[in-house]
Amino acid sequence: MGPEGPGLGTQVHLHARIFRRTEGPPGSPWYVDIDDLADPQPDDPYWYGYYGSQRAAVDAACQRMAALRRDRPARISQQALPRATSAA
């Protein structure tokens, strides 16, 4: 049973996908994302990241899933982005 989702009375069943990619940031071939197993949105997951090793990707996914279970999960498109700062 997952945490309460964005809608009233809905459940979010989180799962992580981890795989090796040939594209992405240099030195970070491992991609990981967390999404709702019952309603996957590959281009709008709850969280994602790129890592240098499979172990680092698994560890990050486990930590993020634990945090999402404590908090109310929100897809990337629903999360507030940090305000940009200028480096002058």
*Asks:* Would you compute the distance between atom CG of D59 and atom CZ of R64 and round it to the nearest 0.5 angstrom?
*Replies:*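 Those atoms lie 14.0 Å apart.
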
*Asks:* Per the side chain to side chain contact (heavy atoms under 4.5 Å, CB included) rule, which among Y48, F19, W47 passes with V32?
*Replies:*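 Per the side chain to side chain contact (heavy atoms under 4.5 Å, CB included) rule, the option paired with V32 is W47, out of Y48, F19, W47.
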
*Asks:* Any donor and acceptor pair, going by atom type alone, linking the side chain of R20 with main-chain N or O of W30 inside 3.5 Å?
*Replies:*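 Judged by distance alone, no pair lies under 3.5 Å.
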
*Asks:* Backbone N or O of L14 within a donor-acceptor pair of the D36 side chain at under 3.5 Å?
*Replies:*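 Judged by distance alone, no pair lies under 3.5 Å.
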
*Asks:* Does either side chain, that of D43 or that of Q41, offer a donor lying less than 3.5 Å from an acceptor on the other one?
*Replies:*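 There is no such pair between these side chains.
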
*Asks:* Determine the minimum heavy-atom distance between A38 and P40, stating which atoms define it.
*Replies:*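 The pair with the smallest heavy-atom distance is C-CD, 3.7 Å.
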
*Asks:* Measuring only between side-chain heavy atoms, which start at C-beta, is H13 closer than 4.5 Å to D39?
*Replies:*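 Contact flag for H13/D39 side chains = no.
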
*Asks:* Hey, which of R17, R75, R21 is the one that makes salt bridge (Lys or Arg N to Asp or Glu O under 4.0 Å) with D33?
*Replies:*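 Of the listed options, the one satisfying the test is R17.
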
*Asks:* How about OH on Y31, more than 12 heavy atoms from neighbouring residues, nucleotides or ligands closer than 6.0 Å, or not?
*Replies:*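 Result for OH/Y31: enclosed.
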
*Asks:* Is the backbone of I34 close enough, under 3.5 Å, to the side chain of H15 for a donor and an acceptor to pair up by distance?
*Replies:*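 No, the answer is negative, given that no donor and acceptor are paired below the 3.5 Å cut-off.
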
*Asks:* Name the one of P26, S28, P29 that satisfies side chain to side chain contact (heavy atoms under 4.5 Å, CB included) with Y50?
*Replies:*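 Output: one option passes, namely S28.
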
*Asks:* State the CG-CG distance between D44 and D35, to the nearest 0.5 angstrom.
*Replies:*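 Rounded to the nearest 0.5 Å, the CG-CG separation comes to 8.0 Å.
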
